[in-house]
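All remarks here apply to the structure that follows.
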Amino acid sequence: MEDGKPVWAPHPTDGFQLGTIVDIGADSLTIEPLKEKGKTFLASVSQVFPAEDDVNKHVEDNCSLMYLNEATLLNNIRVRYSKDKIYTYVANILIAVNPYYDIPKLYSPDTIQQYRGRSLGTLPPHVYAIADKAYRDMKVLKMSQSIIVSGESGAGKTENTKFILRYLTMSYGTGQDIDERIVEANPLLEAFGNAKTVRNNNSSRFGKFVEIHFNGKNAVVGGFVSHYLLEKSRICTQGQEERNYHVFYRLCAGAPEDIREKFHLSSPNSFRYLNRGCTRYFATRDTDQKILQNRKSSEHLKVGPLKDPLLDDHGDFNRMVVAMKKIGLDDAEKLDLFRVVAGVLHLGNIDFEEAGSTSGGCNLKRQSSQALGHCAELLGLDEEDLRVSLTTRVMLTTAGGAKDTSIKVPLKVEQANNARDALAKAVYSRLFDHVVTRVNQCFPFESSANFIGVLDIAGFEYFEHNSFEQFCINYCNEKLQQFFNERILKEEQELYQREGLGVNEVKYVDNQDCIDLVESKLVGILDILDEENRLPQPSDQHFTETVHSKHKNHFRLSVPRKSKLTVHRNVRDDEGFIIRHFAGAVCYETSKFVEKNNDALHMSLGSLISESKDRFIRELFENSNSSKDVKQKAGKLSFISVGNKFKTQLNILLDKLRSTGSGFIRCVKPNLKMVSHQFEGSQILSQLQCSG
Ligand SMILES: Nc1ncnc2c1ncn2[C@@H]1O[C@H](COP(=O)(O)OP(=O)(O)OP(=O)(O)O)[C@@H](O)[C@H]1O
């Protein structure tokens, strides 16, 4: 840094500000901001960076900045964003800032045409350029390719994924039905797997890897979607400002009268699984008038609809129906899907009260009988069987003279509530699996030469309270970061060395120890959790204590009281742990880890649902709780591990990624208000740091 020349120094909201160095201390610098002459502040030497001569100039590739550092990179993105240039390269990696509005012509068919077959860098940075590079690499190297799209919730991963899919099918499709089906599959997946959260009105609550397959002549022949970790807690409860999955509201708002009657639908107000969250519909002024008054919640009637340029529950219902038709679902299949969604809503309305006898059990509340009837009817169950299965649990005796005799154990109100919610989660998540399977059947291919896969999965997450969901997603991000390091840093450096280029070694932290902490056999956190689940009386506390005792001096693990944040210091040692991730330390609260790690229904519910009179419901539960299985497992604790299933899926995914060429897109959310033209520097900086 030269004397008197402007530098970038930290700023609490903008990330960095321009200033000049007025004094140099042992390890800090005194800075005078350009905007506030006469006022000075101290900054550590490591946080002050040289500025470009012209800070209003911008470049398409950050690597061509005179000084490449955190501050100049942030400034370059800021200047470009102010000119609607949301895409910027860092060598081959694309940074994409969410504009939160439609930039004219940015994704038009003409633009698609322009990028076709053009090398990276010949046209302005664009997601299409990354898609085309993947295609050309696939063609030239005769090797499948992957594009990893990452970023926090609301950063634009799903939108960019869709742009890639549309680009590839439009540019390299055969112009046949299959191209349209690949694009049309999205609204369907989004209806069942996306929801309004405080961070994103259309948040994907599952991860996905979408493959587009090509034949030997490099034309599109089909597609395949793999999905990961649907957020199940949302099916039963949502935060006050959040909603359940879109399909519930779309059905309530948009279903024609005959469907509404058949499935006994009404406003979101009247369903427990909806009315504890936000019950308003997304609508425009016009579409709001199309929704019948008796389908609107009191909240909606009072404050009006939610607004989002891309969402409209009434219109989206019709679009969803059209998408179903286009991908080949007939009317009966469509009604099957709606029926199960409605069945879940009625199931949620079943309430229990203490039985008032000495049994310690519970009964259904009288006013729940209608909900019970509707639910049983829609899910093809016997009303009485459903009542009994929700309020009692069957156990087989394992010893003594009466071995293998089944006994009915009454459930307490809280246990019955849990059983009901577990059934709702199981039914809905099976339904979601079915939607994905069905989507995959609609673009089948017999064989393919290569594929281009696009990974759209949640980025690193840390909130004030973090649970099993964040634990899984951050474990996934550790694995992806390791892959990124391997691909971008390690392989590039090896190349430089091979070619004898004197490039300074870029240091990065190997995170294998963190991955091992989670996934090692027996001593890894996932295996410790499974072990806990198999105990006769598993508990979150015991699990947490075991984690701490097995990894006492692990560099990556510590107890919550060592946190820098007060909220975490209040968490007891047996209530949580801190993991030092590559992107920062996260405190996980382990309450419900045991429950969330188990996908099995209790025995009575398992056999009830898998023996439904309804063919569709039976098919959803095929290969899971078959009655034979259940009987065999009787006496033992039924347990299906969520964590280890995810680990297996993730390892398959990573093997796949390692066997393909790769491209990376880092999506950035410009502000927390979800509005256009607002660049909040400091939080963007932390996203860039999180992405390594
Ligand atoms: N390129 C874009 N142009 C216009 N609007 C965009 C663009 N990218 C994103 N958006 C807007 O931002 C919203 C959030 O984007 P998106 O759903 O893709 O985020 P995400 O990273 O997938 O989030 P999540 O992890 O919650 O699913 C979109 O619904 C859309 O309104």
Side-chain angles (χ1 to χ4, degrees), residues 1-83 85-91 93 95-98 151-152 155 459-460 462 504-509 564-565 580-585 666-673 675 677-692:
M1 281 176 274
E2 290 169 39
D3 243 6
K5 272 203 160 185
V7 290
W8 287 111
H11 185 275
T13 54
D14 296 346
F16 286 100
Q17 59 184 317
L18 283 171
T20 46
I21 302 172
V22 291
D23 195 18
I24 301 175
D27 44 23
S28 65
L29 302 169
T30 307
I31 308 287
E32 182 182 41
L34 286 195
K35 278 193 184 154
E36 286 175 288
K37 291 269 182 209
K39 239 184 171 186
T40 59
F41 67 93
L42 287 178
S44 109
V45 175
S46 64
Q47 289 179 306
V48 177
F49 300 99
E52 300 274 296
D53 288 341
D54 180 358
V55 293
N56 294 318
K57 215 180 100 195
H58 62 89
V59 293
E60 292 185 342
D61 183 344
N62 283 311
C63 293
S64 41
L65 287 164
M66 166 99 95
Y67 308 109
L68 178 56
N69 55 54
E70 277 180 15
T72 53
L73 193 145
L74 182 68
N75 185 55
N76 191 41
I77 295 172
R78 183 182 61 81
V79 176
R80 290 178 61 76
Y81 172 81
S82 70
K83 299 180 189 304
K85 298 181 190 305
I86 58 165
Y87 293 115
T88 306
Y89 295 125
V90 186
I93 305 163
I95 297 182
V97 186
N98 182 348
E152 67 176 51
F460 183 74
Y462 60 100
N504 284 351
E505 192 185 339
V506 183
K507 291 220 165 54
Y508 63 90
V509 183
K564 287 188 197 134
L565 303 172
R580 266 199 208 121
H581 289 286
F582 72 92
R666 299 293 198 191
C667 298
V668 172
K669 187 173 179 172
N671 57 67
L672 298 175
K673 292 196 203 98
V675 292
H677 303 101
Q678 214 175 91
F679 193 89
E680 288 169 5
S682 74
Q683 66 105 0
I684 293 174
L685 182 65
S686 72
Q687 289 175 59
L688 293 170
Q689 287 162 343
C690 263
S691 73

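Small disclaimer: the values here were computed from a predicted structure and weren't measured. The figures that follow rest on heavy atoms only: side chains count, while hydrogens, waters and symmetry mates do not.
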Using side-chain contact (heavy atoms from CB on, under 4.5 Å), reason through C63 and V90 one step at a time and then give a plain yes or no. CA-CA 6 Å; C63 293; V90 186; 4.1 Å; yes
Are L688 and E70 close enough, and set up right, to give a side-chain contact (heavy atoms from CB on, under 4.5 Å), and what steps lead you there? CA-CA 9 Å; L688 293 170; E70 277 180 15; over 6 Å; no
Worked verdict on K5 versus D53 for side-chain contact (heavy atoms from CB on, under 4.5 Å): CA-CA 9 Å; K5 272 203 160 185; D53 288 341; 3.2 Å; yes
Please test L74 against F679 for side-chain contact (heavy atoms from CB on, under 4.5 Å), starting from the C-alpha separation and ending with a verdict. CA-CA 10 Å; L74 182 68; F679 193 89; 4.0 Å; yes
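Considering every non-hydrogen atom in both S28 and V45, the closest pair reads N-CG2, 4.0 Å. When all heavy atoms of C667 and A155 are compared, the closest pair comes out as CB-O, 3.4 Å. For the pair N98 and P670, the tightest heavy-atom approach, listed with the atom from each and the gap, is O-CG, 3.0 Å.
Between the side chain of Q687 and the backbone N or O of G151 there is no donor-acceptor pair closer than 3.5 Å. Using modelled atom types, one side-chain atom of N75 and one backbone atom of V55 make a donor-acceptor pair closer than 3.5 Å. The closest donor-acceptor contact from the side chain of E32 to the backbone of G38 lies under 3.5 Å.
With sequence neighbours left out, the side-chain contact (heavy atoms from CB on, under 4.5 Å) criterion links S64 to V59, D61. Under the side chain to side chain donor-acceptor pair (under 3.5 Å) criterion, R80 pairs with H58, T88, sequence neighbours left out. Among residues two or more places apart in sequence or in another chain, the ring-ring contact (aromatic ring centres under 6.0 Å, His included) test is passed with Y89 by none. By the side chain to side chain donor-acceptor pair (under 3.5 Å) test, Q47 is found to be paired with no residue, residues two or more places apart in sequence or in another chain being considered. For N69, the side-chain contact (heavy atoms from CB on, under 4.5 Å) criterion is met by F49, P50, Y67, A71, T72, not counting sequence neighbours. Partners of Y87 according to the side chain to side chain donor-acceptor pair (under 3.5 Å) rule, which considers only residues two or more places apart in sequence or in another chain, are Y107, N160. By the side chain to side chain donor-acceptor pair (under 3.5 Å) test, D14 pairs with no residue at all, sequence neighbours left out. With sequence neighbours left out, H581 forms a ring-ring contact (aromatic ring centres under 6.0 Å, His included) with F460, Y588. Here E36 pairs with P33, K39 under the side-chain contact (heavy atoms from CB on, under 4.5 Å) rule; sequence neighbours left out. Considering only residues two or more places apart in sequence or on other chains, D54 meets the side-chain contact (heavy atoms from CB on, under 4.5 Å) condition with N56, K57. D27 is linked by a salt bridge (charged side-chain N to carboxylate O under 4.0 Å, His left out) to nothing, counting only residues two or more places apart in sequence or in another chain.
Contact annotation: the side chain of L29 never approaches that of V7 to less than 4.5 Å [non-hydrogen atoms, C-beta and beyond].
When the shell of 6.0 Å around OH of Y462 is examined, it contains 12 or fewer heavy atoms from other residues, nucleotides or ligands. For NZ of K83, the number of neighbouring non-hydrogen atoms (other residues, nucleotides, ligands) closer than 6.0 Å is 12 at most. At most 12 non-hydrogen atoms from other residues, nucleotides or ligands lie less than 6.0 angstrom from NZ of K85.
I684 CD1 to I77 CD1: the interatomic distance, rounded to the nearest 0.5 Å, is 8.0 Å. Distance check, rounded to the nearest 0.5 Å: CG of D23 to CD1 of I31 gives 10.0 Å. Between the CG atom in L685 and the NE2 atom in H11 there is a gap of 13.0 Å [rounded to 0.5 Å]. For the atom pair CG of L18 and CG of L34, the computed distance is 5.0 Å after rounding to the nearest 0.5 Å. Taking CD from Q678 and OH from Y81, the interatomic distance works out to 7.5 Å, rounded to the nearest 0.5 Å.
Side-chain contact, K35 with Q17: no donor N or O sits under 3.5 Å from an acceptor N or O.
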